[in-house]
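Residue numbers run from 1 in the order of the sequence given. These numbers come from the heavy atoms of this one structure, side chains and all, not from hydrogens, waters or symmetry mates.
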Amino acid sequence: MATQRKQPVQTKPQPRAATNETAARLFLTGFVCLCIGFGIGYLVGKPSSGGGAPIASRPFQTQTSPQSQGQPPAQNPAVAAQNEASLRALLMANPKNLDALIELGNLYYDQGQYLQAVEWYGKALEIDPRNPNVRTDRGTSYWYISQPDEAIAEFKKSLQVDPGHQQTLYNLGIVYLQGKNNVAEARKAWQELLKINPNYPNHADIERQLASMAAPPPITAPASQKNTGAGGKK
């Protein structure tokens with residue numbers, strides 16, 4: 001379920017032209033700083049002998065939350081604030097700028113501000129109501145603000161447009177299972193997902209989860225009836 005999150009273009013002011021003498025000093029200073037930077041970068045970036053890079057968590061172990069459309073790491077707050085200001089400026093000029101609406105929703109989502117993400121994804125869907133990617137991200141945002149019914153409603157709208165939208169099916173299963181304790185609907189969503197794509201990236205975890213759902217309940221011995229009342233047989 002992958003939308004590519006495009007970062008807003010950041011413009012930088014052009015420096016003024018320097019004199020020859022100033023340029024030479026700047027070049028020498030920059031060269032020295034570059035050498036120092038390489039040395040520090042080598043020391044900081046050199047891996048320790050204890051282990052390698054961290055491994056991403058797996059969906060049904062440490063991360064059993066719905067996935068967004070290609071969610072990148074959260075931006076630096078200062079960069080996010082600058083991008084937010086740029087997007088809002090675009091929308092002040094043209095409130096119907098669909099790309100800006102979606103990117104603002106993405107920005108809030110990536111910063112964990114899911115209520116704002118719901119709002120701006122909603123504005124984008126007013127213009128493009130048949131966008132299953134935005135619809136899925138809005139549903140996922142609803143999940144993160146503890147509104148599973150609204151999340152499911154958005155996922156169902158996404159599937160009305162694209163019945164085979166894989167990320168929607170994956171997320172729908174999670175919300176049915178974790179948010180509504182509805183095993184039957186979760187199973188239905190994930191079975192449909194694996195029918196469409198047996199090699200879905202999380203298929204092994206999904207198959208294990210489906211197997212656990214299908215396990216029969218433990219058998220317990222029925223309680224015996226005792227004839228202890230008046231007129232009962234001995």
Side-chain angles (χ1 to χ4, degrees), residues 1-9 59 65-72 74-75 80 83-84 86-180 182 184-203 206:
M1 133 184 171
T3 325
Q4 294 298 323
R5 300 286 178 84
K6 298 178 181 178
Q7 300 300 330
V9 177
S65 299
Q67 300 173 354
S68 74
Q69 300 293 306
Q71 178 186 2
Q75 298 174 351
N83 291 340
E84 179 186 7
S86 299
L87 289 167
R88 285 186 176 273
L90 289 173
L91 290 169
M92 285 289 290
N94 179 13
K96 300 297 184 180
N97 186 326
L98 180 61
D99 289 339
L101 289 169
I102 294 172
E103 289 300 334
L104 192 55
N106 290 344
L107 184 146
Y108 285 128
Y109 185 104
D110 298 339
Q111 296 299 312
Q113 300 179 47
Y114 300 112
L115 188 60
Q116 292 92 328
V118 165
E119 176 187 356
W120 291 97
Y121 285 144
K123 292 179 184 294
L125 288 166
E126 289 175 5
I127 300 172
D128 184 14
R130 294 181 61 80
N131 189 323
N133 293 332
V134 176
R135 186 74 69 181
T136 299
D137 279 351
R138 191 173 196 232
T140 307
S141 301
Y142 270 124
W143 166 253
Y144 282 124
I145 56 175
S146 302
Q147 296 187 31
D149 291 326
E150 288 76 4
I152 290 170
E154 293 294 333
F155 296 149
K156 287 184 174 181
K157 290 177 183 178
S158 173
L159 293 174
Q160 287 173 1
V161 175
D162 182 0
H165 197 272
Q166 296 177 31
Q167 201 61 63
T168 304
L169 289 168
Y170 177 81
N171 289 358
L172 183 62
I174 286 179
V175 175
Y176 265 129
L177 185 63
Q178 297 186 5
K180 303 298 291 181
N182 190 330
E185 290 297 330
R187 183 190 300 115
K188 185 188 301 182
W190 283 338
Q191 286 176 337
E192 180 64 20
L193 171 59
L194 294 182
K195 178 182 176 182
I196 294 168
N197 182 7
N199 296 316
Y200 185 76
N202 300 325
H203 69 93
I206 296 173

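- Gln191 pairs by the side chain to side chain contact (heavy atoms under 4.5 Å, CB included) definition with Arg187, Leu210, not counting sequence neighbours.
- Here the shortest heavy-atom pairing between Arg135 and Leu125 reads NH1-CD1, 3.6 Å.
- Residues that satisfy the side chain to side chain contact (heavy atoms under 4.5 Å, CB included) test with Leu115, not counting sequence neighbours, are Ile145.
- For the atom pair Glu103 CD and Asp110 CG, the distance stands at 9.0 Å (nearest 0.5 Å).
- Here CG of Asn106 is found 11.5 Å from CD of Gln111. Values are rounded to the nearest 0.5 Å.
- No side-chain heavy atom of Tyr200 sits less than 4.5 Å from a side-chain heavy atom of Leu169.
- Within the structure, salt bridge (charged side-chain N to carboxylate O under 4.0 Å, His left out) contacts touching residues 140-149 (residues at least two apart or in different chains) are Asp149-Lys180.
- Considering all non-hydrogen atoms of both residues, Ser141 and Tyr121 come closest at OG-CE1, 3.8 Å.
- For the side-chain hydrogen bond (donor to acceptor under 3.5 Å, both in side chains) test, no residue two or more places apart in sequence or in another chain qualifies with Lys96.
- In summary, of the residues considered (Val134, Leu91, Leu87), a side chain to side chain contact (heavy atoms under 4.5 Å, CB included) with Leu101 occurs for Leu91 alone.
- Interatomic distance, Leu107 CG to Asn83 CG, rounded to the nearest 0.5 Å: 6.0 Å.
- With sequence neighbours excluded, the residues that form a side chain to side chain contact (heavy atoms under 4.5 Å, CB included) with Asp99 are Asn97.
- Between Tyr114 and Tyr144, the ring planes are parallel. Angles under 30° get that label, and only those over 60° would be called perpendicular.
- Scored by the side chain to side chain contact (heavy atoms under 4.5 Å, CB included) test, Ala153 finds no partners at all (sequence neighbours excluded).
- Residue pairs meeting the salt bridge (charged side-chain N to carboxylate O under 4.0 Å, His left out) criterion with at least one member in residues 120-132: none, sequence neighbours excluded.
- Closest approach of Ala124 and Leu98 over heavy atoms only: O-CD1, 3.5 Å.
- Looking only at side-chain heavy atoms (C-beta outward), Asn131 and Ile102 come within less than 4.5 Å of each other.
- With sequence neighbours excluded, the residues forming a salt bridge (Lys or Arg N to Asp or Glu O under 4.0 Å) with Arg88 are Glu84, listed by chain and number.
- Atoms CD1 and CG, on Ile174 and Leu177 in that order, are 8.5 Å from each other to the nearest 0.5 Å.
- Inspection of the His165 and Asn133 side chains reveals an N or O donor paired with an N or O acceptor under 3.5 Å.
- Qualifying side-chain hydrogen bond (donor to acceptor under 3.5 Å, both in side chains) partners for Ser158, counting only residues two or more places apart in sequence or in other chains: Thr136, Thr168.
- For Lys156, there are no salt bridge (Lys or Arg N to Asp or Glu O under 4.0 Å) partners two or more places apart in sequence or in a different chain.
- For the atom pair CH2 (Trp143) and CZ (Phe155), the distance works out to 9.0 Å, reported to the nearest 0.5 Å.
- For Tyr142 against Ala151, the heavy-atom pair with the smallest separation is CB-N, 3.7 Å.
- Listed here is the closest heavy atom pair of Ile196 and Gly164: CD1-CA, 3.5 Å.
- Between the OH atom of Tyr170 and the CD1 atom of Ile206 there is a distance of 6.0 Å, given to the nearest 0.5 Å.
- Side-chain atoms of Leu159 and Leu172, non-hydrogen and from C-beta on, do get closer than 4.5 Å to each other.
- Shown here are the side-chain hydrogen bond (donor to acceptor under 3.5 Å, both in side chains) partners of Gln113, two or more places apart in sequence or in another chain: Gln116.
- Residues Glu154 and Gly139 approach most closely at CB-CA, 3.6 Å, considering heavy atoms.
- In terms of the salt bridge (Lys or Arg N to Asp or Glu O under 4.0 Å) criterion, Glu119 has no residue partners (sequence neighbours excluded).
- Although no hydrogens or angles enter the test, the distance criterion places no donor-acceptor pair under 3.5 Å between the side chain of Trp120 and the main chain of Tyr108.
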